[in-house]
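To keep things clear, I will list the structure first and then write my remarks on it.
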Amino acid sequence: MVIAPYCVRALTPVDFPHASRLLARRWSREADCGRPVDHKQDYALILPLRTGDHPKLHGLFEDEGLVAMWELDPTSPGPGWSAAERQERSVCLFVLYTDPTHRNAGRLVSLWLADHFARTPRPPVWLRCSIPDGRLAAHISGTWGWQEVRQEGGRHLLQRPPELKPHLDLLIAGQPASAAPGESPRPLALARTDHS
């Protein structure tokens with residue numbers, strides 16, 4: 001039997017320690033690189049896990065370790081997009097934190113999201129994000145399959161279309177990250193033992 005080495009699932013209160021450790025590893029890496037970190041903003045993202053509120057965070061796990069967590073916004077593509085672009089069906093990757101020791105976590109999340117939304121009954125036209133850091137934007141467009149549309153207000157606007165990845169469930173087992181705008185979630189995807 002083939003078992004997918006990665007799993008995607010919604011984060012729950014029991015994942016608060018995992019999320020805290022992931023942020024601590026990121027903060028340490030950012031400090032080593034001389035980049036500023038907004039501890040309060042980062043911590044505010046995971047606080048609903050501790051308080052038992054229902055956050056919109058999802059995580060990519062390798063074995064039992066959290067290697068990435070993210071939040072999506074299906075209601076807005078984020079700042080900088082034009083009125084015409086806002087009329088298109090899109091989902092915003094609001095925030096994505098990856099473990100700095102896991103170099104491919106961001107790419108895996110990106111592939112999984114593209115596949116997930118391609119399988120919804122009415123897929124969005126675009127997955128979108130806006131990034132203030134030019135180096136990170138270049139990395140995302142160069143290795144994760146996103147396209148930089150333009151710079152607006154000091155932010156790099158990136159997008160990618162949903163796209164089926166036929167055998168991705170052999171690598172990542174998961175549950176819905178979020179329904180497409182106005183749609184029901186994708187059924188649970190399990191690792192398969194066949195190669196069809």
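Any value given below was found using the heavy atoms of this structure, including those in side chains, with hydrogens, waters and symmetry copies removed.
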If two hydrophobic side chains count as joined below 4.5 Å and joins carry through other members, does Leu136 share a cluster with Leu157?
no
Following the transitive rule for hydrophobic clusters with a side-chain heavy-atom cut-off under 4.5 Å over Ile, Leu, Val, Met, Phe, Trp and Tyr, establish whether Trp27 and Val95 coincide in one cluster.
yes
Rounded distance (nearest 0.5 Å) linking atom [atom1] of [X] with atom [atom2] of [Y]:
X      : Y      : atom1 : atom2 : result
Leu57  : Tyr97  : CG    : OH    : 9.5 Å
His156 : Cys129 : NE2   : SG    : 11.0 Å
Leu113 : Leu72  : CG    : CG    : 5.5 Å
Leu111 : Arg107 : CG    : CZ    : 5.0 Å
Gln147 : Gln159 : CD    : CD    : 6.5 Å
Asp169 : Asp115 : CG    : CG    : 8.0 Å

Taking atom CZ of Phe16 as the centre, does the number of heavy atoms from other residues, nucleotides or ligands within less than 6.0 Å exceed 12?
yes
Atom of [X], atom of [Y] and distance for their closest heavy-atom approach:
X      : Y      : answer
Glu148 : Gln151 : OE2-CG, 3.5 Å
Ser76  : Cys92  : O-CB, 2.9 Å
Ala138 : Ser141 : O-OG, 3.2 Å
Ser20  : Ile46  : OG-CD1, 3.7 Å
Ala68  : Ala105 : CB-CB, 4.2 Å
Arg155 : Pro132 : NH2-CD, 3.6 Å

Is the closest side-chain heavy-atom distance between [X] and [Y] below 4.5 Å?
X      : Y      : answer
Phe61  : Val67  : no
Ile172 : Leu60  : yes
Leu127 : Phe117 : yes
Ser130 : Leu158 : no
Leu49  : Thr12  : no
Val91  : Arg128 : no
Asn104 : Thr98  : no
Leu11  : Leu66  : yes

All ring-ring contact (aromatic ring centres under 6.0 Å, His included) counterparts of Tyr6, not counting sequence neighbours
His102
Pairs in or reaching into residues 74-87: which pass salt bridge (Lys or Arg N to Asp or Glu O under 4.0 Å), with residues at least two apart or in two chains?
Glu85-Arg150
Pairs involving residues 61-78, ordered by first then second residue, that meet salt bridge (Lys or Arg N to Asp or Glu O under 4.0 Å) (sequence neighbours left out)
none
Please list, chain by chain and in numerical order, all residues satisfying side chain to side chain contact (heavy atoms under 4.5 Å, CB included) with Arg135, sequence neighbours excluded.
Arg35, Asp133
Output all residues satisfying side chain to side chain contact (heavy atoms under 4.5 Å, CB included) with Ala118, sequence neighbours left out; order by chain, then residue number.
Pro162, Leu164
Just jot down the side-chain hydrogen bond (donor to acceptor under 3.5 Å, both in side chains) partners of [X], sequence neighbours excluded, or say none.
X      : value
Arg160 : Ser110, Glu163
Arg21  : His18
Arg50  : Tyr43

For [X] and [Y], indicate whether the former's side chain and the latter's backbone hold a donor-acceptor pair under 3.5 Å.
X      : Y      : result
Ser28  : Ala24  : no
Thr143 : Ile140 : no
Trp81  : Pro77  : yes

Under the side-chain contact (heavy atoms from CB on, under 4.5 Å) rule, what do Met69 and Leu96 come out as? Steps first, then yes or no, please.
CA-CA 6 Å; Met69 62 181 168; Leu96 170 63; over 6 Å; no
Could you walk me through whether Leu171 and Lys165 pass side-chain contact (heavy atoms from CB on, under 4.5 Å), step by step?
CA-CA 11 Å; Leu171 181 63; Lys165 306 292 181 186; over 6 Å; no
Do Arg26 and Asp42 sit within salt-bridge range, that is, some charged N less than 4.0 Å from a carboxylate O?
no
Which pairs count as ring pair (Phe, Tyr, Trp, His ring centres under 6.0 Å) when at least one residue sits in residues 123-155, sequence neighbours excluded?
His139-Trp144
Should side-chain heavy atoms under 4.5 Å link Ile, Leu, Val, Met, Phe, Trp and Tyr, which residues sit in the same cluster as Val14?
none
Could you work out, with salt bridge (Lys or Arg N to Asp or Glu O under 4.0 Å) as the rule, every residue matching Asp99, not counting sequence neighbours?
Arg25
